[in-house]
Amino acid sequence: MFGIPSQEPVVIVEAKGCGKYSKQLYNLIGTNDDEGEMVVGPKDGSVQASIFDERKFNDNQLSSEQKIVFVGGPKFARDYLDALDSLATDKFDEYGIHMRIGGKHASVTVDGGATAKEDYWAFIEYAASKGRDFPDLLAELRVDAAPAGADSCAGKNGENRISVLFGGIARSAKGFVSDVGDKALIARRAAAIEDQKFQFAIWLFYLEKLRAFVES
């Protein structure tokens with residue numbers, strides 16, 4: 001009426017501890033970021049979002065026509081998430097990020113806990129390829145390759161078998177200590193790494209998935 005476009009209502013259901021990310025999605029939806037003919041995410045003004053925490057979701061009976069985005073894994077929505085996992089027509093499972101879209105429901109979550117440094121670096125490289133740059137939280141673990149000839153046998157470097165043997169033991173011990181140190185640093189930064197992944201996952205969902213979800 002009066003030329004005002006209708007808005008698609010979307011309920012964002014946040015798991016405990018995921019309020020930051022549900023608000024991120026809520027704020028992205030409310031941002032006027034289209035540029036001329038280029039639509040960024042859903043068309044500006046086409047979505048009306050509201051946020052439910054787990055308790056509010058559990059206490060309110062929502063219509064089967066209501067479109068819902070689950071952020072994290074709300075415990076009261078376990079049955080919905082299990083059904084979505086098996087029935088989703090659009091799935092994304094890469095770099096510790098998981099998105100599901102099926103019918104009127106969608107979900108966004110990420111792997112928690114420590115991750116292998118190589119997997120983390122693959123994530124930030126992928127995020128950069130999509131236009132989101134994150135600081136490398138494990139930058140100090142990037143080391144140069146071992147010097148050429150470090151494991152040369154006796155005869156090439158004039159070393160005897162004893163020196164080669166003990167040199168190998170020393171290098172093994174150093175490698176073990178280094179590996180333990182790497183894991184300790186990764187564990188200390190696990191929460192920050194998870195935060196980066198969640199921020200990116202929400203942004204990617206908004207940018208590449210939400211428009212098709214609300215228009216379906």
Just distance, no hydrogens or angles: give the donor-acceptor pairs under 3.5 Å from side chains in residues 110-117, sequence neighbours left out.
unit_1	atom_1	unit_2	atom_2	d
Asp111	OD1	His98	NE2	2.8
Lys117	NZ	Asp182	OD2	2.9

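- At least one side-chain heavy atom of Pro42 sits less than 4.5 Å from a side-chain heavy atom of Tyr206.
- Residues Ile97 and Leu210 share a hydrophobic cluster, clusters being chains of Ile/Leu/Val/Met/Phe/Trp/Tyr side chains in contact below 4.5 Å.
- Contact of the Gln66 side chain with the Lys104 side chain is not registered, since no non-hydrogen atoms from C-beta on lie closer than 4.5 Å.
- One distance of note links OH of Tyr21 with CD1 of Ile12; it measures 15.0 Å at 0.5 Å rounding.
- Between the CG atom in Asn58 and the NZ atom in Lys75 there is a gap of 9.5 Å [rounded to 0.5 Å].
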*Starting from the C-alpha separation in whole Å, work towards a yes-or-no answer on side-chain contact (heavy atoms from CB on, under 4.5 Å) for Leu207 and Leu28.*
CA-CA 9 Å; Leu207 189 70; Leu28 284 169; over 6 Å; no

task = Applying side-chain contact (heavy atoms from CB on, under 4.5 Å), run through Phe52 and Leu62 and close with a yes or a no.
result = CA-CA 11 Å; Phe52 282 23; Leu62 298 178; 3.9 Å; yes

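- Contacts of Arg211 classified as side-chain hydrogen bond (donor to acceptor under 3.5 Å, both in side chains), with partners at least two apart in sequence or in another chain: Glu215.
- What you find for Gly72 and Thr109 is that their closest heavy atoms are CA-OG1, 3.9 Å.
- The closest donor-acceptor contact from the side chain of Asp85 to the backbone of Leu81 lies at 3.5 Å or more, if one exists at all.
- Shortest non-hydrogen contact noted between Ser216 and Gly103 is OG-O, 4.4 Å.
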Next item on the list: Carefully, step by step, assess Asp33 and Met38 under the rule side-chain contact (heavy atoms from CB on, under 4.5 Å).
Entry: CA-CA 9 Å; Asp33 49 8; Met38 185 179 72; over 6 Å; no

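- Residues Ile101 and Val13 fall into different hydrophobic clusters, defined by Ile, Leu, Val, Met, Phe, Trp and Tyr side chains chained together at heavy-atom separations under 4.5 Å.
- Counting heavy atoms from C-beta on, the side chains of Ile68 and Phe57 come closer than 4.5 Å.
- To the nearest 0.5 Å, atom CZ of residue Arg100 and atom OG of residue Ser86 are 10.0 Å apart.
- In this structure, CD in Glu14 is found 10.5 Å from NZ in Lys56, a value given to the nearest 0.5 Å.
- Closest non-hydrogen pair, Glu54 versus Lys16, comes out as OE2-N, 2.7 Å.
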Test side-chain contact (heavy atoms from CB on, under 4.5 Å) applied to Phe70 and His105, step by step
CA-CA 8 Å; Phe70 298 101; His105 296 165; 4.2 Å; yes

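- Between Asp34 and Asp44, the shortest heavy-atom distance links the atoms OD2-N, 2.9 Å.
- At a threshold of 4.5 Å between non-hydrogen side-chain atoms, the residues Asp82 and Leu84 do not count as touching.
- Between Arg132 atom CZ and Gln199 atom CD the span is 6.5 Å, to the nearest 0.5 Å.
- Within 6.0 Å of OH in Tyr80 there are 12 or fewer heavy atoms belonging to other residues, nucleotides or ligands.
- Applying the 6.0 Å contact sphere to OH of Tyr26 captures no more than 12 heavy atoms from other residues, nucleotides or ligands.
- Using cut-offs of 30° and 60° for the angle between ring planes, the Tyr95 and Tyr126 rings count as parallel.
- Nearest heavy-atom pair, Arg142 versus Ile124, reported as atom, atom and distance to 0.1 Å: NH2-CD1, 4.1 Å.
- Rounding to the nearest 0.5 Å gives a distance of 11.5 Å between CD of Glu125 and CG of Asp133.
- When the shell of 6.0 Å around NZ of Lys91 is examined, it contains more than 12 heavy atoms from other residues, nucleotides or ligands.
- Put simply, the side chain of Phe205 reaches to within 4.5 Å of the side chain of Val69, judged on heavy atoms.
- Side chains of Tyr120 and Gln196: a donor on one and an acceptor on the other come within 3.5 Å.
- A salt bridge does not link Arg189 with Asp195: every distance from a Lys NZ or Arg NE/NH1/NH2 to an Asp or Glu carboxylate oxygen is 4.0 Å or more.
- Pairing each heavy atom of Val71 with each of Ser22, the nearest pair is CG1-N, 4.1 Å.
- Residues Trp121 and Leu141 have side chains in contact (heavy-atom distance under 4.5 Å, counting atoms from C-beta outward).
- With a 6.0 Å radius and a threshold of 12 heavy atoms from other residues, nucleotides or ligands, Glu35 has its CD atom at or below the threshold.
- Phe213 and Ile51 fall within a single hydrophobic cluster, where Ile, Leu, Val, Met, Phe, Trp and Tyr side chains are chained together by heavy-atom contacts under 4.5 Å.
- A 4.5 Å side-chain heavy-atom check between Leu204 and Val108 finds every atom pair outside the cut-off.
- Looking only at side-chain heavy atoms (C-beta outward), Phe198 and Lys20 stay at 4.5 Å or farther from each other.
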